[in-house]
Amino acid sequence: MENLLKYIRSLTLFSDESWKILQPALSERNYRKNELMLQEGEICNALFYIDKGFCKSYYEIEGIIKNTGFFFENEVATNISSFGSGQKSEFNIIACEDLHVIIFDKTKLFEAAKNTPEIETLGRHCIREFASRQEEFSNLFKLYTAKQRLEYLETQHPEMLQRVSLTQLASFLGVARETLSRIRKRRITR
C-alpha cells in the first residue's frame with residue numbers, strides 16, 4: 001500500500017486522515033498470468049492500481065485479439081466508460097504477468113468521496129490521468145505511421161518494448177507481426 005500512497009500523493013494533496021477514510025474502499029488481489037480482471041459483458045466496478053506486474057486491455061473480434069492498452073506499475077487500469085456509466089464492458093482486461101493490484105471498489109470509493117473532498121479530488125485526478133493516457137495512444141493512430149508509432153514508444157514508453165511480446169505489440173500498433181519485425185530490422189541495419 002506504500003506505493004499506492006506515494007502515487008496518490010504524486011497526483012494531489014492527500015492527508016493521513018483521508019488515507020484512513022479511503023482504506024475501506026481498497027483491497028489487494030493477486031492475479032495469475034492470463035487471468036481475467038474484467039471480462040467483456042461485465043460491468044466494471046473497480047479501478048485497478050498496478051502495484052507489481054502488468055496487464056492489458058483488448059477486444060476479441062472473430063477470434064482475433066486486438067490489444068488496446070498496456071498498464072504497468074504505478075498506473076491505473078479500468079474501463080472508464082463502464083466504470084462511469086454502469087454499462088457492460090465491451091473489452092477485457094487480463095494479467096500479462098503474475099500481477100499484484102490494489103482495487104478501488106467503486107461503491108465504497110464514491111461513499112468515501114461524499115465525506116472527504118480530498119478523495120473526490122483524487123478520483124478526478126485518477127480519471128484525468130487515465131483519460132490523458134488513452135488520448136495519447138489514440139493520437140498515435142490518428143497522426144503517425146506504424147514506424148513513427150514504434151519510435152514514439154521507444155522514446156516515451158520503453159518499458160512497453162522491454163516487457164510486451166512482439167506479437168502483442170504488433171496487435172497494439174495495428175500491424176502484422178511480420179511488418180513490425182521488418183520495421184525493426186530496417187531500423188537496426190541503418
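Only heavy atoms go into these numbers, but all of them, side chains included; no hydrogens, no water, no symmetry mates.
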Exercise. Same cluster or not: are L99 and F91 linked, directly or through other Ile, Leu, Val, Met, Phe, Trp or Tyr residues, by side-chain heavy atoms under 4.5 angstrom apart?
Worked result: yes

Problem set entry | Close side-chain approach of F104 and L26, heavy atoms under 4.5 Å | yes

Problem set entry | L122 side, atom CG; L47 side, atom CG - distance, nearest 0.5 Å | 9.0 Å

For this session: Say whether I21 and I102 are linked into one hydrophobic cluster, either directly or through other cluster members, by side-chain heavy-atom distances under 4.5 angstrom.
Result: yes

For this session: For the pair T121 and F14, evaluate side-chain contact (heavy atoms from CB on, under 4.5 Å) and give the outcome as yes or no after the intermediate values.
Result: CA-CA 9 Å; T121 301; F14 206 74; over 6 Å; no

Seminar exercise, completed: Contacts of E60 meeting salt bridge (Lys or Arg N to Asp or Glu O under 4.0 Å) (sequence neighbours excluded), chain-then-number -> none

Exercise. Would you say T116's side chain and I119's backbone share a donor-acceptor pair under 3.5 angstrom?
Worked result: no

Exercise. Does CD in E159 sit with more than 12 non-hydrogen atoms of other residues, nucleotides or ligands closer than 6.0 Å?
Worked result: yes

Exercise. Do the side chains of L22 and L109 get nearer than 4.5 Å, heavy atoms only?
Worked result: yes

Exercise. Can a salt bridge be assigned to the pair E178 and R182 using a cut-off of 4.0 Å between side-chain N and carboxylate O?
Worked result: no

For this session: Indicate yes or no: at least one non-hydrogen side-chain atom of Y152 is less than 4.5 angstrom from one of H157.
Result: yes

Problem set entry | Any C96 side-chain heavy atom under 4.5 Å of V164 side chain | no

Exercise. Rounded to the nearest 0.5 Å, what separation is found between the OG atom of S27 and the CD1 atom of I103?
Worked result: 4.5 Å

Problem set entry | Side chains of E129 and Y7, donor plus acceptor under 3.5 Å | no

For this session: Taking the side chain as every heavy atom from C-beta outward, state whether K66 and I61 have any pair of such atoms under 4.5 Å apart.
Result: yes

Problem set entry | Residue pair F130 / T78, side-chain heavy-atom distance below 4.5 Å | yes

Exercise. Where do K106 and S82 come nearest, in terms of heavy atoms and distance?
Worked result: NZ-O, 4.4 Å

Exercise. With the 4.5 Å side-chain cut-off for hydrophobic clustering, are F54 and L173 part of the same group?
Worked result: yes

Problem set entry | Polar contact flag, side-chain donor to acceptor under 3.5 angstrom, E118-T12 | no

Exercise. For the rings on F137 and F172, is their centre-to-centre separation under 6.0 Å?
Worked result: yes

For this session: Answer with yes or no whether the hydrophobic clustering places I94 together with I65; edges join I, L, V, M, F, W, Y residues whose side-chain heavy atoms lie under 4.5 Å apart.
Result: yes

For this session: For residues N79 and S57, determine if any side-chain heavy atom of one lies less than 4.5 Å from a side-chain heavy atom of the other.
Result: no

Exercise. Could you state the interatomic distance from CD1 (I80) to CD (Q134), rounded to the nearest 0.5 Å?
Worked result: 8.5 Å

Exercise. Do F70 and R163 touch side chain to side chain, with heavy atoms closer than 4.5 Å?
Worked result: no

For this session: Please lay out, stage by stage, how T107 and F110 fare under the test side-chain contact (heavy atoms from CB on, under 4.5 Å).
Result: CA-CA 5 Å; T107 304; F110 284 12; over 6 Å; no

Problem set entry | Approximate separation, where rounding is to 0.5 Å, of N3 CG and D51 CG | 5.0 Å

Exercise. For S165, does its backbone N or O pair with a side-chain atom of Q168 as donor and acceptor, under 3.5 Å?
Worked result: no

Problem set entry | Cluster overlap I93 with I127, hydrophobic side-chain contacts below 4.5 Å | yes

Could you give the side-chain donor-acceptor pairs of residues 32-45 under 3.5 Å, partners two or more places apart or in another chain?
{"residue": "E35", "atom": "OE1", "partner": "R32", "partner atom": "N", "Å": "2.9"}
{"residue": "E35", "atom": "OE2", "partner": "R29", "partner atom": "NH2", "Å": "2.7"}
{"residue": "E42", "atom": "OE1", "partner": "Q39", "partner atom": "N", "Å": "3.1"}

Problem set entry | Heavy-atom pair of closest approach, residues N67 and S171 | N-OG, 2.9 Å

For this session: Check the surroundings of atom CG in L143: do more than 12 heavy atoms from other residues, nucleotides or ligands lie under 6.0 Å from it?
Result: yes

Exercise. Does a salt bridge link E136 with R133, judged by any charged N lying under 4.0 Å from a carboxylate O?
Worked result: no

Exercise. Does a salt bridge link E97 with K56, judged by any charged N lying under 4.0 Å from a carboxylate O?
Worked result: no

For this session: Give the minimum heavy-atom separation between C55 and I50, together with the two atoms involved.
Result: SG-CD1, 3.8 Å

For this session: Looking only at non-hydrogen atoms, find the nearest pair between L11 and C126 and report the distance.
Result: CD1-SG, 4.0 Å

Seminar exercise, completed: One should read off an interatomic distance between L140 CG and Q156 CD, to the nearest 0.5 angstrom, of 9.5 Å

For this session: Take Y59 and T68 through the side-chain contact (heavy atoms from CB on, under 4.5 Å) test and state the conclusion after the steps.
Result: CA-CA 7 Å; Y59 290 90; T68 57; 3.5 Å; yes

Problem set entry | Nearest-0.5 Å distance that lies between atom CG in L153 and atom CD in Q148 | 12.0 Å

For this session: Run the numbers on L150 and Y144 for side-chain contact (heavy atoms from CB on, under 4.5 Å), then give the verdict.
Result: CA-CA 9 Å; L150 178 62; Y144 301 114; over 6 Å; no

Seminar exercise, completed: Residues G174 and F141: closest non-hydrogen pair is N-CE2, 4.2 Å

Exercise. Are N74 and Y49 linked by a side-chain donor-acceptor pair shorter than 3.5 Å?
Worked result: yes

